[in-house]
Amino acid sequence: METLSSGVIGVIIGGTHPENPVVQILSMKRIPSGSQERWRLLISDGKWSSSFAMLATQLNNKVASGEISNNCIISMNRYVCNTVQENKKVLIILDLKVTKTGAEVGCKLGSPVNYDPKKSASEQQEQPAQQQYKAAAPKASPSMAATGGNVQRNPLGQHNAPANGPSVTRTPSGGSVNPIESLTPYQNRWTICARVTNKASIRTWSNSRGEGKLFSFELLDESGEIRATAFNDEVDKYYDMIEADKVYFITGASLKTANKQYNNLNNDYEMSLNRTTEITPCHEATAIPTMQFNFVSLDQLEALPKDTILDVIGVCKEVFDLSHVTMRSTGKELTKRDLSLVDTTAREVRLTLWGTQAETFDGSQQPVLAVKGVKLSEFNGRSISVLSSSCVQINPDIREAHMLKGWFDNGGNVAETINLSSRGGSQGFGSGIYKLFVEAQQSTGADKPEYFCVNGTVVMVRKDNSMYTACPKEGCNKKVVDQSNGMYRCEKCDQTYDTFQWRIMLGLCVADISDSQWITIFQDQAEQLLNTTSNELGALKETNKEDFEKIMDSVLFKNYNFKLRCKIETYNGESRWKGTAVNLSDVEPKEHSQRLITEINKLAEEA
DNA sequence: CCCCCCCC
């Protein structure tokens, strides 16, 4: 009992900041906080108890490992007590030492009474016990409390050296530094001291609401992380000043709710710089870490929704060659490189790097890659793609990386893995998620095309207008205008040719067990389907209508695997589902049955 | 106030 700092909870709530107070954790509760795990603790000092304590997320692993458990006794080596709305206090434990494990203690010590901050100190202390800590410090002044201002942590001016080395607790003007974790939109006076962990380049936008430029960066301190964005004037003012890895004092920015769709940082809020923002470099030595990852193990990827932004770590088991792709929307050429990542969950996933990062990547030594902020895609099951806002670290000097490398070098490299990026088992075609049309109709989004496979039967062929005369220039494919003089004009090339080439654009009505759907099939895939060339088919169309139709009808009531690119398109207010076959194959009965069996087993498991 | 991030 005497091991606990009796009465210290009241002292802390009263505004004092005693060093290394010792308390008992009575219980822990995981609270909903975005996607991030966050723990609220019921702590006791033997005299009082309170559930105002939260564990800084970088200590979550101590819960997972069982180091922190009910009844354990901890020394709070670093902590902050902040006032949130309505004078409510929140204690965030930044660093702690377990002095006795829960098992060693085994029970609640003493008979602590819940500390009620609404009652005065004297009301709570019917029988003032021998206090190790006197609640002598003045409370926060009413004006500070009204603005959600922070309690002076050190009224006697005795700096509490944190256990982990130096940490900045004073702003240049002598005020107190607030932890990022404590920032909320309800609070307008704060200063943080944080390291820039990721700085994006300047980007411009133009939409119906206007246009402008922006850049964003990420900030980290010992309590947490937050994203910050500068717009327009603030871009000019701060872009050159803000440097990655440097530490700054920041005050006077506005806070708003983070959109989790685009922000995977461990914070429910993000900040925008504004006219009142002040940023000053911090040159003091600090214990602020350089990067905070919230790793998702690879075996969790299948359960997460598409487009989730997340952090992963894995060993680069295999590297593929550079390749070039053309952007659908702009026709821009892109360089990419795929590689496979593995981790101890015996999963393998494909990661795509882009541009310079793809070109300069060297995977020959099978490095560990820690990637912050990658996008999960559904392609071929699951794969992940690096974004411009992502941060890729190769062989980072962090515990997880050393652990993974150790695992990999001691058998992990030859361990059997489940490849998340080759659904269906085979490489090339056949891999990819199979869906029914009804499922596809539900999952297809308006803006982004989606890829999946269907197994379906051709039930109708649209023979009319299935062929057109196209520009003979390689890669143009634009329809030409017949000049009726043996010449053909391409508007796109602004040229007139004495020849053209036939191209196929065929509408097929495909039915599966759930629905039927008209899809479009172009040139290469159509030639494959019809087992002919477009020029032969075009000639036939002109000379022998009967044979032409025979070829078209030859695919009727045949079963194929189609890989489709689909999206919802809107024409003057009316939306329609649109699918294009980007690939097709005959149905291999064995493979098809195997897939059905797998699906049946899965259904049986769920039932 | 952005929120694009590509390709199979």
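Computation of the quantities below employed the complete heavy-atom set of this structure, encompassing side-chain atoms and omitting hydrogens, waters and symmetry-equivalent molecules.
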**Message:** For a quick test of reading the model: is some side-chain N or O of A/Arg227 closer than 4.0 Å to OP1 or OP2 of B/dC3?
**Reply:** no
Of the listed B/dC5, B/dC3, B/dC7, the closest approach to the A/Tyr262 side chain comes from B/dC3
Per atom distances to the A/Arg203 side chain, the nearest of B/dC8, B/dC3, B/dC5 is B/dC3
Inset, instruction - Identify whether the distance between the nearest side-chain nitrogen and carboxylate oxygen of A/Lys372 and A/Asp311 falls below 4.0 Å. - result: yes
When only distance counts, do a donor and an acceptor, one from the side chain of A/Arg350 and one from the base of B/dC8, lie under 3.5 Å apart?
yes
Rounded to whole Å, CZ of A/Phe215 lies from C1' of B/dC2 at a distance of 13 Å
Per atom distances to the A/Leu214 side chain, the nearest of B/dC5, B/dC2, B/dC6 is B/dC2
Does NZ or CZ of A/Lys435 lie under 6.0 Å from the centre of the six-membered ring of A/Phe452, at an angle within 45° of the ring axis? yes
To the nearest angstrom, the CG-P distance between A/Asn274 and B/dC1 comes to 12 Å
| query | Is any side-chain N of the basic residue among A/Arg565 and A/Glu450 closer than 4.0 Å to the acidic one's carboxylate O? | reply | no
With sequence neighbours left out, the residues meeting ring-ring contact (aromatic ring centres under 6.0 Å, His included) with A/Phe361 are none
Looking only at B/dC7, B/dC2, B/dC5, the nucleotide nearest the A/Ser388 side chain is B/dC5
A/Phe379 CZ to B/dC5 P, in whole Å, measures 17 Å
Rounded to whole Å, the CZ-C1' distance (A/Arg565 to B/dC8) equals 10 Å
Rounded to whole Å, CH2 of A/Trp354 lies from C1' of B/dC4 at a distance of 13 Å
Exercise. Would you mind classifying the nucleic acid contact of A/Glu270 as base, sugar-phosphate or nothing, using non-hydrogen atoms under 4.0 angstrom?
Key: base
Here the ring-ring contact (aromatic ring centres under 6.0 Å, His included) pairs for residues 501-529 of chain A, sequence neighbours left out, are A/Phe500-A/Trp502
Below the 4.0 Å mark, does B/dC6 have OP1 or OP2 next to a side-chain nitrogen or oxygen of A/Lys375?
yes
With a 4.0 Å cut-off on N to O distance, would you call A/Arg195 and A/Asp245 a salt bridge? no
Closest to the side chain of A/Asn207, out of B/dC2, B/dC6, B/dC5, is B/dC2
Checklist entry - Salt bridge or not for A/Lys336 and A/Asp338, using N-O below 4.0 Å? => result yes
note: A/Leu376, atom CG; B/dC6, atom P; distance rounded to Å ~ 12 Å
inquiry  = By the 4.0 Å heavy-atom rule, please label A/Asn263 as base, sugar-phosphate, or nothing.
reply    = nothing
In whole angstroms, the gap separating C1' of B/dC1 from CE of A/Met271 amounts to 17 Å
One thing to verify: whether A/Lys213 and A/Asp236 come together as a salt bridge, which I'm taking to mean a side-chain N less than 4.0 angstrom from a carboxylate O. yes
Winner on side-chain proximity to A/Lys256, out of B/dC5, B/dC1, B/dC8, is B/dC1
note: A/Leu351, atom CG; B/dC7, atom P; distance rounded to Å ~ 17 Å
If you measure from the ring centre of A/Phe231 to the centre of the six-membered ring in the base of B/dC1, is it under 5.5 Å, with the planes under 30° apart?
yes
Residues in residues 321-329 of chain A with a heavy atom under 4.0 Å of DNA chain B, by number, are A/Val325, A/Thr326, A/Met327, A/Arg328
